[in-house]
Amino acid sequence: MDQVPGSPQEPRDARQGDAAPPGCYRHPDRTTGITCTRCERPICPECMVSASVGFQCPECVRDGSGTGRTAQATAPRTVAGGALTADTRLVTKILLGINVAVFIAVLAVGDGLVQDLELIGGAFTREDLQFIGVAEGEWYRLLTAVFLHQAPMHIIFNMLSLWWLGPPLEAAFGRVRFLALYLLSGLGGSALSYLLAAQNQPSLGASGAIFGLLGATVILMRRLNYDMRPVLILLALNLVFTFAWPDIAWQAHVGGLVMGAAVTYGMVHAPCARRALVQGATCAVAFLVIVAVVWVRTGQLMG
């Protein structure tokens, strides 16, 4: 039997032209007309996460599915997880500039500045009648010696090596990681030189840091499956030069090489899910090893 339109017996869904808005999947009592652009679940303003197109729900953002993450999180990364930059030589230029500036200062001031900044375990100066060196609490010498040069050919060779090795590594690591690699390599070379060299034997130069970059290049090329022969030949020639040439602090070269290779291995093999944690831990452990070596040697000299 037909019903008269609008009568009380008309089916309810036939009388309603518009359905009620759905409730938020996390807050059912809150009606909303917005849905997640990926899973299409209804979301209220509190649960909306801005995406490049529309909004996403917290679950899709947490799972990393799509563009609901921050711009920093979705930015392209280097092989070691560093941010891509327009100038991949910036840190290299700054390090080179510091070395050149210190060299110019040495030329202007004289040998007195060299004596104040060079690495030396412990010695007695007749001019000032005092003890100097790392063992006497002058810890800064471990770092200042890395930027100190006295002979023109010494700084020319080191800076050419820095300019050749630095930019590719800076591009692969990113600026912060590359700077950490350089400084830890330099400090590693200083620490081993402090440990093994005679306590009154001075040393200076960026060679430890440069050898660290060379070790880093070896590890990085192995990680990327590049042809290893050119860099291995270069490494072999530098090691022969290190041990065959007189008046070279081989301890700094070996210490920088080992430290640079170890830090690089931890950086380029860190799992993506915990990359920052593993890389930070690698640098922290490397620094603690340096501190331990210095502490042991200081105890030997002061005991």
Side-chain angles (χ1 to χ4, degrees), residues 78-82 88 91-92 95 119 142-143 145-146 157-158 160-197 203 205-243 248-272 274-294:
T78 67
V79 65
T88 59
V91 175
T92 302
L95 293 172
L119 175 63
L142 295 164
L143 181 61
V146 177
F157 181 81
N158 279 342
L160 286 176
S161 299
L162 173 59
W163 186 249
W164 183 61
L165 294 170
L169 290 172
E170 186 176 343
F173 281 64
R175 292 171 178 171
V176 175
R177 291 168 177 81
F178 174 70
L179 180 61
L181 168 68
Y182 186 90
L183 294 178
L184 286 171
S185 297
L187 288 172
S190 294
L192 192 63
S193 184
Y194 177 51
L195 177 66
L196 299 180
S203 64
S207 300
I210 299 301
F211 264 78
L213 299 186
L214 188 55
T217 302
V218 172
I219 300 300
L220 179 62
M221 292 184 68
R222 180 68 181 86
R223 173 68 174 80
L224 299 176
N225 294 321
Y226 287 172
D227 184 4
M228 298 289 294
R229 287 173 294 183
V231 69
L232 289 178
I233 293 173
L234 178 64
L235 176 59
L237 290 175
N238 276 273
L239 288 175
V240 169
F241 181 80
T242 294
F243 290 100
I248 287 183
W250 62 267
Q251 301 92 340
H253 291 193
V254 173
L257 177 66
V258 173
M259 183 61 66
V263 170
T264 300
Y265 189 91
M267 286 189 176
V268 300
H269 289 281
C272 293
R274 299 185 300 275
R275 176 180 284 159
L277 176 62
V278 173
Q279 291 176 342
T282 298
C283 293
V285 169
F287 183 75
L288 289 176
V289 169
I290 293 170
V291 171
V293 170
V294 173

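We number each residue from 1, following the sequence as shown. The analysis underlying the following values was restricted to heavy atoms, covering all of them including side chains, and did not include hydrogens, waters or symmetry mates.
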Q: Going by the rule side-chain hydrogen bond (donor to acceptor under 3.5 Å, both in side chains), which residues pair with T242 if we only count those two or more places apart in sequence or in a different chain?
A: H253
Q: Kindly give the heavy-atom pair with the smallest separation between A270 and Q279, and that separation in Å.
A: CB-CG, 4.0 Å
Q: Sort out for me which residue in L257, L214, I210 forms a side chain to side chain contact (heavy atoms under 4.5 Å, CB included) with N238.
A: L214
Q: If I take atom NE2 from residue H269 and atom OG1 from residue T282, how far apart are they, to the nearest 0.5 angstrom?
A: 11.0 Å
Q: For the residue pair V218 and M228, what are the closest heavy atoms and their distance?
A: O-CE, 3.4 Å
Q: Between C283 and M267, is any pair of side-chain heavy atoms under 4.5 Å apart?
A: yes
Q: If you count every heavy atom of other residues, nucleotides or ligands that lies below 6.0 Å from W163 atom CH2, does the total exceed 12?
A: yes
Q: According to side-chain hydrogen bond (donor to acceptor under 3.5 Å, both in side chains), who are the partners of T217, at least two apart in sequence or on a separate chain?
A: none
Q: Check whether any side-chain heavy atom of L234 lies under 4.5 Å from a side-chain heavy atom of W164, and answer yes or no.
A: yes
Q: So which atom in L119 and which in Y194 form the shortest heavy-atom distance, rounded to 0.1 Å?
A: CD2-N, 4.4 Å
Q: Measuring only between side-chain heavy atoms, which start at C-beta, is L143 closer than 4.5 Å to S190?
A: no
Q: Measuring only between side-chain heavy atoms, which start at C-beta, is L95 closer than 4.5 Å to F178?
A: yes
Q: Using a 4.5 Å cut-off on heavy atoms from C-beta on, say whether the side chain of M259 contacts that of I290.
A: yes
Q: Should L169 and Y182 be marked as a side chain to side chain contact (heavy atoms under 4.5 Å, CB included) after you check the CA-CA gap, both sets of side-chain angles, and the distance that decides it?
A: CA-CA 10 Å; L169 290 172; Y182 186 90; over 6 Å; no
Q: Quick check for you: to the nearest 0.5 Å, what is the distance between Y226 atom OH and M221 atom CE?
A: 8.0 Å
Q: To the nearest 0.5 Å, what is the distance between CG on N225 and CG on D227?
A: 11.0 Å
Q: Search all heavy atoms of I219 against all heavy atoms of A261 and return the closest pair with its distance.
A: CG1-O, 3.7 Å
Q: Looking only at heavy atoms, which two atoms of T92 and E170 are closest? And how far apart?
A: OG1-OE1, 2.8 Å
Q: Once you round to the nearest 0.5 Å, how far does CZ of F157 lie from OG of S207?
A: 7.5 Å
Q: What's the verdict on side chain to side chain contact (heavy atoms under 4.5 Å, CB included) for L192 and V293, showing C-alpha distance, side-chain angles and the deciding distance?
A: CA-CA 7 Å; L192 192 63; V293 170; 5.7 Å; no
Q: Check F243, F241, F211 against W250 for a ring pair (Phe, Tyr, Trp, His ring centres under 6.0 Å) and give me the one that passes.
A: F243
Q: What is the distance from atom CG of L184 to atom CZ of R177, rounded to the nearest 0.5 Å?
A: 13.5 Å
Q: Within the distance-only criterion (no hydrogens, no angle test), does the side chain of T264 pair as donor or acceptor with the backbone N or O of G260 below 3.5 angstrom?
A: yes
Q: Restricting to non-hydrogen atoms, name the atom on Q251 and the atom on L196 that form the minimum distance, rounded to 0.1 Å.
A: CG-CB, 3.8 Å
